Amino acid sequence: MITATPLANWFVVALEQAGQVWIVDLDRRGMPITGVGRHLHDAFLSPDGRHLVVSSYDDHLNAVIDLAEARIVRKIPAGCKPHLGSGAVVKSNGRLLGIGTNIGEADCKSFEVPVFDMNIFDVVKRIPVIGPTESPAAHPDAPYVIVDIVGTGPDANKIQFIDKNTLEVVRTIEVAGTLGHSHFPEYTARGDFFYVSARYRGDRSLGIPAGHLAIFDSHTLRQVKSIPVEVPAGVFSYARARTVVVGLQPTAR
């Protein structure tokens with residue numbers, strides 16, 4: 001993980017195998033280093049850019065780092081192998097909530113989406129899902145947080161929808177014709193549609209030699225279009241470049 005933060009003229013870098021987060025101040029000499037855990041992976045910032053939430057695979061936790069103080073302020077237990085992806089932050093019943101994912105392990109007894117308060121970093125809820133998840137998607141003008149079910153199991157062609165207010169899974173849909181997983185959901189800049197990259201390995205058994213990009217209506221959850229793509233691996237909105245966190249991006253007009 002490497003990111004810039006609006007908090008200061010800094011780069012923040014997570015060294016995956018070293019278990020360290022480096023805060024690189026571009027205005028002065030020196031590089032504060034924070035020891036975090038084992039096998040670091042993805043991370044995301046709080047909306048103000050002060051706190052970094054980073055997953056530690058081997059320690060089964062999400063660490064929260066106060067970048068201004070260069071120290072860990074909270075360790076959030078995350079179940080089987082946390083995987084934040086780019087994370088998501090949503091407003092729900094007056095609270096600002098962070099959404100993580102849980103990519104699981106071979107012997108994982110249950111899969112969950114951890115939800116935590118972005119102000120005090122307490123766990124609000126652990127939402128059960130049907131399999132390992134990778135990349136949450138959210139948009140301020142869409143009612144659902146979307147999580148992709150990944151891997152190679154029987155549910156790996158499904159995506160699940162979490163209601164922002166109830167924090168419950170309210171819908172599961174299957175992306176037709178998949179072999180492998182359907183992954184990397186992404187809302188359009190206006191939030192009225194979302195993309196899903198489908199058939200990571202292709203599906204020749206159905207007579208279709210390659211993958212496709214499935215496009216759905218964000219409110220009805222009906223598929224409206226399919227674009228052939230040889231090996232789809234993700235679509236990322238240009239709106240990401242204009243916002244700090246996924247889920248609170250400014251709406252395109």
Side-chain angles (χ1 to χ4, degrees), residues 42 44 79-90 92 97-104 108 110-115 125-188 190-203 206 208 211-229 231-237 240 246-247 249:
D42 293 335
F44 70 95
C80 300
K81 192 178 284 188
H83 186 291
L84 292 170
S86 55
V89 177
V90 299
S92 174
L97 301 180
I99 310 293
T101 53
N102 186 301
I103 206 165
C108 187
S110 63
F111 299 99
E112 63 183 39
V113 169
V115 182
K125 191 169 186 178
R126 300 185 183 278
I127 304 171
V129 289
I130 59 174
T133 52
E134 186 174 41
S135 301
H139 191 283
D141 293 334
Y144 307 112
V145 176
I146 311 171
V147 293
D148 46 352
I149 308 301
V150 299
T152 56
D155 293 317
N157 61 351
K158 297 180 174 66
I159 53 178
Q160 294 199 287
F161 298 84
I162 298 169
D163 185 277
K164 286 184 185 178
N165 295 316
T166 65
L167 300 180
E168 299 282 350
V169 174
V170 294
R171 188 85 177 270
T172 301
I173 66 174
E174 181 176 321
V175 183
T178 63
L179 179 66
H181 56 243
S182 300
H183 60 159
F184 292 138
E186 180 84 348
Y187 281 104
T188 58
R190 294 185 178 87
D192 44 0
F193 299 97
F194 63 88
Y195 303 97
V196 179
S197 298
R199 286 180 319 154
Y200 184 77
R201 293 175 177 82
D203 196 344
L206 295 182
I208 305 174
H212 69 118
L213 186 67
I215 304 172
F216 292 82
D217 185 290
S218 298
H219 294 272
T220 66
L221 306 186
R222 293 181 179 177
Q223 185 170 336
V224 297
K225 190 163 184 172
S226 174
I227 300 174
V229 180
V231 184
V235 172
F236 302 100
S237 172
R240 281 178 179 251
V246 171
Q249 56 265 46

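Just so it is clear, the structure is predicted and the values come from calculations on it, not from any experiment.
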Query - Any residue meeting side-chain contact (heavy atoms from CB on, under 4.5 Å) with P128, in chain and number order, not counting sequence neighbours - result: none

Query - Non-neighbouring partners of R240 that pass side-chain hydrogen bond (donor to acceptor under 3.5 Å, both in side chains), sequence neighbours left out - result: S86, E186

Query raised in the report: With S218, which residues qualify under side-chain hydrogen bond (donor to acceptor under 3.5 Å, both in side chains), at least two apart?
Result: none

**Report entry** Under the side-chain contact (heavy atoms from CB on, under 4.5 Å) test, residues paired with V169 that sit two or more places apart
**Finding:** I127, V129, Q160, I162, T172

Report summary line: Taken in chain and number order and not counting sequence neighbours, the residues that satisfy ring-ring contact (aromatic ring centres under 6.0 Å, His included) with Y144 are F161

Query - Residues which pass side-chain contact (heavy atoms from CB on, under 4.5 Å) with D217, listed by chain and number, not counting sequence neighbours - result: F193, H219, T220, V224

Query - With sequence neighbours excluded, residues passing side-chain hydrogen bond (donor to acceptor under 3.5 Å, both in side chains) with S226 - result: H212

Query - F194 side chain near I159 side chain, heavy-atom distance below 4.5 Å - result: yes

Report task. Please name the pair of heavy atoms, one in C80 and one in S110, separated by the smallest distance, quoted to 0.1 Å. Result -> SG-O, 4.2 Å

Requested in this report: Write down the atom of D42, the atom of G85, and the distance for their closest heavy-atom approach.
Outcome: CB-O, 3.0 Å

Query raised in the report: Excluding sequence neighbours, so at least two apart, what forms salt bridge (Lys or Arg N to Asp or Glu O under 4.0 Å) with K125?
Result: E168

Report summary line: To the nearest 0.5 Å, atom CG of D148 lies from atom OG1 of T133 at 7.0 Å

Query - Pairs meeting criterion salt bridge (charged side-chain N to carboxylate O under 4.0 Å, His left out) with involvement of residues 126-135, two or more places apart - result: E112-R126

**Report entry** Residues which pass side-chain hydrogen bond (donor to acceptor under 3.5 Å, both in side chains) with T188, listed by chain and number, not counting sequence neighbours
**Finding:** D192

Query raised in the report: Closest approach of P132 and I103, non-hydrogen atoms and distance?
Result: CB-O, 2.9 Å

**Report entry** More than 12 heavy atoms from other groups under 6.0 Å of CZ on F111
**Finding:** yes

